[in-house]
Amino acid sequence: QKVEKTLRTLRQDKLADDFVTTMNRAAEQAAPEAAAVLGDSVKQMSIADAKSVLTGTNNAATQYFRRTSETNLQARFLPIVKAATEKAGVTGAYKRMTDKAGGGLGGLGGLGDSLLGKEAPDLDRYVTRKALDGLFLKIAEQEKQIRENPVARTTDLLQKVFGAVGK
């Protein structure tokens, strides 16, 4: 965000836009891997876990999924993100962006270090982490809807499970 803001200040809007777009596309390409990993997490759920999810807070299931699947999701997402960033040109866009912001950022004096720290972050890990954050945010939003709104319980199983909790 700091580099993007700086680029926009320097009127390098197209470079900043291209970079953000290609990062988002890389994250989107990794998202379909989540279903299998989350499914495995459900299959391994204990009775105690199920009870905790059922009677817990509005994000108890999300917390369970994050705790039990985040490492596996990261392992599956990262290679996909790496391939996508290379294919979509994210890495090149990132390097061009940091170069524009100051020749590896060193050309900005101390400003380069304050923008990205001493080393630019690992782009692929950053995109992977943000993709997982977005995934769990969406899961939490959906979980809250299911818990609070009976109409959102779109399957017989959800209606039985969460209908029984309210009784």
Side-chain angles (χ1 to χ4, degrees), residues 1-5 16-95 97-98 115-167:
Q1 290 173 342
K2 291 178 182 180
V3 173
E4 179 186 3
K5 183 178 178 182
D17 291 343
D18 290 348
F19 178 65
V20 170
T21 298
T22 51
M23 279 197 322
N24 288 337
R25 287 196 182 127
E28 289 165 3
Q29 289 179 21
E33 286 293 311
V37 174
L38 295 174
D40 289 344
S41 209
V42 169
K43 291 175 189 171
Q44 296 172 10
M45 184 180 280
S46 70
I47 298 293
D49 290 331
K51 183 177 179 183
S52 176
V53 165
L54 191 60
T55 59
T57 63
N58 277 350
N59 69 349
T62 305
Q63 290 175 19
Y64 169 80
F65 282 128
R66 188 161 217 152
R67 187 179 72 250
T68 61
S69 66
E70 188 167 32
T71 300
N72 289 340
L73 285 169
Q74 185 169 358
R76 289 224 188 158
F77 275 38
L78 187 58
I80 294 167
V81 167
K82 281 183 178 184
T85 57
E86 288 174 22
K87 184 178 179 183
V90 175
T91 305
Y94 179 67
K95 288 176 182 174
M97 194 162 93
T98 56
L115 286 173
L116 290 179
K118 294 288 182 191
E119 295 178 25
D122 180 329
L123 180 65
D124 295 323
R125 289 193 188 285
Y126 173 82
V127 172
T128 299
R129 186 175 66 249
K130 290 299 185 181
L132 291 174
D133 288 348
L135 173 68
F136 287 116
L137 177 68
K138 291 296 183 188
I139 291 171
E141 289 171 357
Q142 188 64 41
E143 178 182 3
K144 185 177 182 198
Q145 271 291 89
I146 289 168
R147 289 179 184 274
E148 293 178 352
N149 182 2
V151 176
R153 301 171 191 163
T154 57
T155 67
D156 289 339
L157 180 60
L158 286 174
Q159 290 170 5
K160 287 178 188 174
V161 169
F162 287 100
V165 173
K167 295 180 181 177

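Quick caveat, the model's predicted, so the values are computed rather than measured.
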(message) With heavy-atom distances below 4.5 Å as the criterion, would you say the side chains of Asn72 and Asp40 are in contact?
(response) no
(message) Rounded to the nearest 0.5 Å, what separates atom CG in Leu137 from atom NZ in Lys130?
(response) 11.0 Å
(message) For a salt bridge (Lys or Arg N to Asp or Glu O under 4.0 Å) check, start with the C-alpha distance between Arg66 and Asp133, then their side-chain angles and the critical distance, and finish with the verdict.
(response) CA-CA 10 Å; Arg66 188 161 217 152; Asp133 288 348; 2.7 Å; yes
(message) Once rounded to the nearest 0.5 Å, what's the spacing between atom CG of Leu38 and atom CG of Leu135?
(response) 6.0 Å
(message) With side-chain contact (heavy atoms from CB on, under 4.5 Å) as the criterion, how do Phe65 and Val37 come out once you've worked through the C-alpha distance, each side chain's angles and the decisive distance to 0.1 Å?
(response) CA-CA 9 Å; Phe65 282 128; Val37 174; over 6 Å; no
(message) Measuring only between side-chain heavy atoms, which start at C-beta, is Arg67 closer than 4.5 Å to Tyr64?
(response) yes
(request) Report the distance from atom CG of Asp17 to atom OG1 of Thr21, rounding to the nearest 0.5 Å. (result) 6.0 Å
(request) Of all the heavy-atom pairs spanning Ala60 and Ser52, show the shortest one and how long it is. (result) CB-O, 3.9 Å
(message) Using 0.5 Å steps for rounding, measure from the CG atom of Leu78 to the CG atom of Leu73.
(response) 12.0 Å
(request) Might you confirm whether atom CD of Glu70 has over 12 heavy atoms from other residues, nucleotides or ligands at distances under 6.0 Å? (result) yes
(message) Measuring only between side-chain heavy atoms, which start at C-beta, is Leu132 closer than 4.5 Å to Gln74?
(response) yes
(request) Look at Glu141 together with Lys138 and state whether they make a salt bridge at an N to O cut-off of under 4.0 Å. (result) yes
(message) Less than 3.5 Å apart, any donor N or O on the side chain of Ser46 or Asp49 sitting next to an acceptor on the other?
(response) yes
(message) Please find the pair of heavy atoms, one from Arg147 and one from Leu54, that lie closest to each other, and give the distance.
(response) NH1-O, 3.4 Å
(message) Checking side-chain polar atoms at under 3.5 Å, does Asn58 have a donor or acceptor matched by the opposite partner on Glu148?
(response) yes
(request) Quick one: closest heavy-atom pair of Thr62 and Phe136, and the distance? (result) CG2-O, 3.5 Å
(message) So Thr68 and Met45, do their side chains get closer than 4.5 Å, heavy atoms only?
(response) no
(message) Using a 3.5 Å distance criterion without hydrogens, assess whether the side chain of Glu143 forms a donor-acceptor pair with backbone atoms of Ala61.
(response) yes
(message) I need the minimum non-hydrogen distance between Ile80 and Arg76, along with the two atoms involved.
(response) CD1-O, 3.4 Å
(message) Tell me the closest heavy-atom pair linking Ala34 and Phe77, and the distance in Å.
(response) N-CE1, 4.1 Å
(request) Check Ala26 against Val127 and note the closest heavy-atom contact, atom names and distance. (result) CB-CG1, 4.1 Å
(request) Please indicate whether Arg125 has more than 12 foreign heavy atoms, meaning atoms of other residues, nucleotides or ligands, lying under 6.0 Å from its CZ. (result) no
(request) Answer yes or no: is there a side-chain heavy-atom contact under 4.5 Å between Val81 and Gln29? (result) no
